[in-house]
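One structure is given below, encoded as structure tokens.
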Amino acid sequence: MRILSAALIALTPFAAFAAGSDNPEPPKPTETTTVCTEGQVFDEKTQACIDPEEQTLNDDQRYLAVRELAYAGRPEDAMRVLASMTEGETDRVLTYVGFLNRQMGNWEAGLAAYDKALAINPDNVLARSYYGQALVMMNEMELASVQLDEIRARGGSGTWAEIALAD
């Protein structure tokens, strides 16, 4: 059953890996993914698509757009939004740097970003889950199991991060 699950994950990387944080539901599409193009983000105030660098957006709004774009299978657009975040190399930013690089085929950069995220915050169970999922795709099941154990040891039992990696 685990082999079938791993195969399904490998075949549906965006749906399986971008659910994000502890929310088991995929992000609901907004105008950011249904109307905006080229990494723009829908701004509720102006009711228009704007460049992610615009100062009217805060990093939490940008982060939600990154998650939505990643789930929609638009990693290049998500990376543009992520690059516009002003909070620097925080563990949540690095987690998505890792995720997006991996999805664009930049495995080494993705794994390095997960390592940096976990160096900043060893309790980041989402980074551990994405890291573990990458290891599954690389057929490194023992190393993935270590990440699953770490998720559980760090209070992540029952979260999306644990469930997604365990599957």
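Side chains included, hydrogens not; waters and symmetry mates left out as well; all remaining heavy atoms used.
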Inset, instruction - Indicate yes or no: at least one non-hydrogen side-chain atom of S145 is less than 4.5 angstrom from one of D149. - result: yes
Inset, instruction - Kindly compute the distance separating OH (Y131) from CD (E140), expressed to the nearest 0.5 Å. - result: 10.0 Å
Inset, instruction - Report yes if some heavy atom in the side chain of Q61 is under 4.5 Å from a heavy atom in the side chain of Y63; otherwise report no. - result: no
Legend entry - Heavy-atom donor-acceptor pair, N124 side chain to A127 backbone, under 3.5 Å: yes
Legend entry - Positive for side-chain hydrogen bond (donor to acceptor under 3.5 Å, both in side chains) with R92, one of D60, D59, N121: D60
Legend entry - Neighbour count >12 (heavy atoms, 6.0 Å) for atom CD, Q47: yes
Legend entry - Check: Q40 and I50 side chains under 4.5 Å, non-hydrogen atoms: no
Legend entry - T90 vs I120 side-chain heavy atoms within contact, under 4.5 Å: no
Inset, instruction - May I have the step-by-step check of side chain to side chain contact (heavy atoms under 4.5 Å, CB included) for D115 and L94, ending in yes or no? - result: CA-CA 9 Å; D115 283 333; L94 288 165; over 6 Å; no
Inset, instruction - Could you check if a side-chain atom of L64 sits within less than 4.5 angstrom of a side-chain atom of V41, using non-hydrogen atoms only? - result: no
Legend entry - Side-chain (T32) to main-chain (F42) donor-acceptor, under 3.5 angstrom: yes
Legend entry - side chain to side chain donor-acceptor pair (under 3.5 Å) assessment of Y114 paired with R102: CA-CA 10 Å; Y114 295 141; R102 184 169 50 89; 3.1 Å; yes
Inset, instruction - Could you tell me whether the side chain of R154 and the main chain of V125 form a donor-acceptor pair under 3.5 Å? - result: no
Inset, instruction - Enter the distance from R74:CZ to C36:SG here, rounded to the nearest 0.5 Å. - result: 8.0 Å
Inset, instruction - Verify the cluster assignment for V97 and M85: are they in a single hydrophobic cluster under the rule of side-chain heavy atoms below 4.5 Å apart? - result: yes
Legend entry - Joint cluster assignment, L126 & L82, ILVMFWY side-chain distance < 4.5 Å: yes
Inset, instruction - Find out whether C49 and T37 are in side-chain contact, i.e. whether some heavy atom of one side chain is under 4.5 Å from a heavy atom of the other. - result: no
Legend entry - Exceeds 12 heavy-atom contacts within 6.0 angstrom, atom CD of E87: yes
Legend entry - Linked, directly or transitively: L135 and V146 (ILVMFWY side chains, under 4.5 Å): no
Inset, instruction - Indicate yes or no: does E53 engage R80 in a salt bridge with an N to O separation below 4.0 Å. - result: yes
Legend entry - Verify same cluster id: V35, L57 (apolar side-chain graph, 4.5 Å): no
Inset, instruction - Please tell me if the side chains of T46 and T56 come closer than 4.5 Å, counting only heavy atoms from C-beta onward. - result: no
Inset, instruction - Could you tell me whether the side chain of E54 and the main chain of D51 form a donor-acceptor pair under 3.5 Å? - result: no
Inset, instruction - Side-chain contact test, heavy atoms from C-beta onward, threshold under 4.5 Å: evaluate it for L111 versus M138 and give yes or no. - result: yes
